[in-house]
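What follows is one structure encoded as structure tokens, with my remarks underneath.
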Amino acid sequence: MTKFAIRVYRAVLSIPFGQVRSYKWVAQKAGSGRAYRAVGQVLKRNPYPLIIPCHRVIRSDKEIGGYVFGLKQKKFLLELERELLKCLAG
DNA sequence: CAAACTATTCAGC
DNA sequence: GCTGAATAGTTTG
């Protein structure tokens, strides 16, 4: 657990429901906008991949980077949140 | 401290 | 659309 990791977790947890951010975004909030690589590292090695919405973090190209449980799950969660958002919002 | 690793991103063709 | 180069932090020896 490092300061950078904590910052990354806070940034990721700050992502609203149904929303997605890029690693660069998280890295910037974490402190260094050029540590997107480290962000991925910290995310993949995060102590609690469940309490952290790491599935809301995707590549800048809108591409799925990776996921602890599998890319399919990540995509599924993203689509699920969008669908749920539509049901809740409108 | 140094080397290796990484769920990325930008630039050139 | 693909290939090559660059950045910053964690991890391991």
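Just so you know, these numbers use all the heavy atoms, side chains as well, and skip hydrogens, waters and symmetry mates. As the structure is a prediction and not an experimental result, all values here were calculated from the model.
Base engagement by A:V68 is indicated by at least one non-hydrogen atom pair under 4.0 Å involving a base atom. In this structure, A:G65 reaches the sugar-phosphate backbone alone: every heavy-atom distance under 4.0 Å involves primed, P, OP1 or OP2 atoms, never a base.
No hydrogens or angles were tested; on distance alone, a donor-acceptor pair under 3.5 Å links the side chain of A:Y23 to the base of B:dA7. Between the side chain of A:R34 and the base of C:dT7 there is no donor-acceptor pair of N/O atoms closer than 3.5 Å.
Rounded to whole Å, the distance from CD on A:Q28 to P on C:dA8 is 13 Å. Atom CD1 of A:I6 and atom C1' of C:dT10 are 14 Å apart (whole Å). In this structure, A:K44 atom NZ and C:dT11 atom P are separated by 11 Å, rounded to whole Å. Distance A:K62 NZ to B:dT8 C1': 14 Å, rounded to the nearest Å. Straight-line distance from the OH atom of A:Y36 to the P atom of C:dA6: 12 Å, rounded to whole Å. For the pair A:Q41 CD and B:dA4 P, the interatomic distance rounds to 16 Å; values are reported in whole Å. Atom-to-atom, CZ of A:F4 to P of B:dT6 comes out at 17 Å; the value is rounded to the nearest Å. The separation between A:L43 atom CG and B:dT6 atom P is 16 Å, rounded to whole Å.
Between A:K29 and A:W25 the shortest side-chain heavy-atom distance falls below 4.5 Å. At least one side-chain heavy atom of A:L84 sits under 4.5 Å from a side-chain heavy atom of A:F17. At least one side-chain heavy atom of A:N46 sits less than 4.5 Å from a side-chain heavy atom of A:C54.
A sub-4.0 Å separation between OP1 or OP2 of C:dT10 and a side-chain N or O of A:T2 is present.
Comment: A:R82 does not engage A:E79 in a salt bridge, judged by the lack of any side-chain N to carboxylate O separation of less than 4.0 angstrom.
Set against C:dA8, B:dC10, C:dT10, the side chain of A:S32 has C:dA8 as its closest nucleotide.
Annotation: of the two residues near DNA chain C, A:A35 and A:R45, the 5′-most nearest-nucleotide partner is A:A35.
Remark: C:dT7 base-pairs with no nucleotide; criterion is Watson-Crick or G-U wobble with both hydrogen-bond distances under 3.5 Å.
Partners of A:R56 by side-chain hydrogen bond (donor to acceptor under 3.5 Å, both in side chains), not counting sequence neighbours, listed by chain and number: A:E81.
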